[in-house]
Amino acid sequence: MFTGTRCDVAIVGGGIVGSSVAYFLARLAPAAEVVVIEPDPTYALASTLRASGGARRQFSCPENISMSNFSIPFIANADQELAVDGAPAHVEWRRGGYLFIVGAGDVSILRDNCGVQRAHGVDAVWLDADALHARFPSMNLDGVAAGVLTPDDGWCDPNGLLQGLRRKARALGARYVDDRVVAIDHDVSSANAVRLASGRRLQTGAVVNAAGAWAKDIAAMVDMPLPIEPLRRFEHYFETPNRIEPLPYVKDTARLAFRPERKGYSGGLVNSAEPRGYNFYAGGGR
Ligand SMILES: Cc1cc2nc3c(=O)[nH]c(=O)nc-3n(C[C@H](O)[C@H](O)[C@H](O)COP(=O)(O)OP(=O)(O)OC[C@H]3O[C@@H](n4cnc5c(N)ncnc54)[C@H](O)[C@@H]3O)c2cc1C
């Protein structure tokens, strides 16, 4: 267990973002003392364990496409990349593709986005309604005018990726502390130390806010208002009795999204009108 009182980088939150930052810091700056503070090693409420693991290049913004051009090959190779003493990670990457479908009113936006993606090296296949029907005959295309398929995209097991990053980060020297950040000592331009629920104070050269849905609370510790509000989402598993062709990860403009999962599918519809706040259960409350 880490019992030191100082580090170079203190990462607040050890979910997929915090553990990824820890891994890359440990790999690229091996001399740095990197400490991840995570109160719940079971990740019971973390978003990472609730995610469906989709990784896509279908964005409108070049910066997002560039990040995916880096991260998708990384995830695809993560079993080996994150191996420790020859034992691979278990990321379960599936190169199943992503399919965005739109109605007539959104065809020009989809076409523009497809152009941006192709300009950034993405294999993005334009499918009009006939081509969609030929490729995915089980789909009911009422109200669907076109789609874009990116066959090199896919999905992974988010917990497998998290555990792989965490294990490899530790193997490279990063430390995990089972504790909660309750305050950050700071001046106008820098954060100098994190204070933990156990009473410990950890002096640090830098703080990384990787607290996910709680990031706003961490930012408030340095008097920085962040416009982040948690939004409850649901993920459902369902099956169909029909035998149909293999489907990619399918998304539409109403924010419906689903992908194959074992004998069925995993997916959900984001309700943008959901009240913001910490609400982890269907019945409300935490
Ligand atoms: C239903 C659903 C489906 C999703 N599907 C996808 C998908 O297909 N593809 C995709 O890319 N994304 C998806 N996401 C989004 C994805 O899950 C998140 O973007 C990602 O997991 C965020 O990771 P994180 O590390 O920032 O947050 P988290 O995983 O929530 O980790 C934050 C950590 O911070 C810790 N923490 C909180 N407060 C403190 C404190 N005071 N001190 C120290 N630690 C603290 C928490 O314990 C937690 O472990 C989905 C999300 C949901 C809910």
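Atoms within a ligand are numbered from 1 in the order they appear, just like the ligands themselves.
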N/O to N/O below 3.5 Å, does that happen between [X] and ligand 1?
{"X": "Val181", "value": "yes"}
{"X": "Glu235", "value": "no"}
{"X": "Ser52", "value": "yes"}
{"X": "Thr48", "value": "yes"}

Under the side-chain contact (heavy atoms from CB on, under 4.5 Å) rule, what do Asn113 and Phe59 come out as? Steps first, then yes or no, please.
CA-CA 7 Å; Asn113 291 348; Phe59 290 102; over 6 Å; no
Which residue and heavy atom of the protein sit nearest [atom], plus the separation:
{"atom": "atom 39 (C) of ligand 1", "result": "Arg180 NH1, 4.1 Å"}
{"atom": "atom 49 (O) of ligand 1", "result": "Glu38 OE1, 2.7 Å"}
{"atom": "atom 25 (O) of ligand 1", "result": "Val17 N, 3.0 Å"}
{"atom": "atom 16 (C) of ligand 1", "result": "Ala51 CB, 4.0 Å"}
{"atom": "atom 7 (C) of ligand 1", "result": "Gly54 N, 3.5 Å"}
{"atom": "atom 20 (C) of ligand 1", "result": "Ile16 CG2, 4.0 Å"}
{"atom": "atom 18 (C) of ligand 1", "result": "Ser47 CB, 4.0 Å"}
{"atom": "atom 51 (C) of ligand 1", "result": "Arg233 NH1, 3.8 Å"}

Looking at atom 5 (N) of ligand 1, tell me if a protein heavy atom falls under 4.0 Å from it.
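Protein heavy atoms within 4.0 Å of atom 5 (N) of ligand 1 - there is at least one.
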Heavy atoms only: which of [options] lies closest to [atom]?
{"atom": "atom 44 (N) of ligand 1", "options": "Gly15, Pro39, Ala55", "result": "Pro39"}
{"atom": "atom 32 (C) of ligand 1", "options": "Ala46, Ser68, Ala210", "result": "Ala210"}
{"atom": "atom 37 (C) of ligand 1", "options": "Trp214, Tyr43, Trp155, Phe234", "result": "Trp214"}

Numbered atoms of ligand 1 (with element) below 4.0 Å of [X], judged on heavy atoms:
{"X": "Ile218", "result": "40 (C), 41 (N)"}
{"X": "Val12", "result": "42 (N), 43 (C)"}
{"X": "Gly53", "result": "7 (C), 8 (O)"}
{"X": "Gly212", "result": "26 (O), 27 (O), 32 (C)"}
{"X": "Tyr249", "result": "8 (O)"}
{"X": "Ile37", "result": "43 (C), 44 (N)"}
{"X": "Arg50", "result": "1 (C), 2 (C), 3 (C)"}

Is there a donor-acceptor contact under 3.5 Å from the side chain of [X] to the main chain of [Y]?
{"X": "Glu245", "Y": "Ser138", "result": "yes"}
{"X": "Lys263", "Y": "Glu239", "result": "no"}
{"X": "Asn77", "Y": "Glu81", "result": "no"}
{"X": "Arg56", "Y": "Gln58", "result": "yes"}
{"X": "Asp79", "Y": "Val91", "result": "yes"}

Could you check whether any side-chain heavy atom of Pro30 comes within less than 4.5 Å of a side-chain heavy atom of Leu172, counting everything from C-beta outward?
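The answer is no, as the side chains (C-beta and beyond) never meet within the 4.5 Å cut-off.
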Would you please test Glu274 and Arg232 for salt bridge (Lys or Arg N to Asp or Glu O under 4.0 Å) and show each step?
CA-CA 7 Å; Glu274 182 76 23; Arg232 182 173 64 165; 2.7 Å; yes
Should [X] and [Y] count as an ion pair when the cut-off is N to O under 4.0 Å?
{"X": "Asp152", "Y": "Arg95", "value": "yes"}
{"X": "Asp185", "Y": "Arg201", "value": "yes"}
{"X": "Arg94", "Y": "Glu92", "value": "no"}
{"X": "Arg50", "Y": "Glu235", "value": "no"}

Asp40 heavy atom under 4.0 Å from ligand 1:
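Flag not set, Asp40 not near ligand 1.
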Flag the pair Phe24 / Phe74 as yes when their ring centroid distance falls below 6.0 Å, and as no otherwise.
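That pair passes the under 6.0 Å test.
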Do the numbers put Arg166 on top of the ring of Tyr176, so that NZ or CZ is under 6.0 Å from the six-membered ring centre and no more than 45° off the axis?
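Relative to the ring axis of Tyr176, which defines the angle, Arg166 lies inside both limits.
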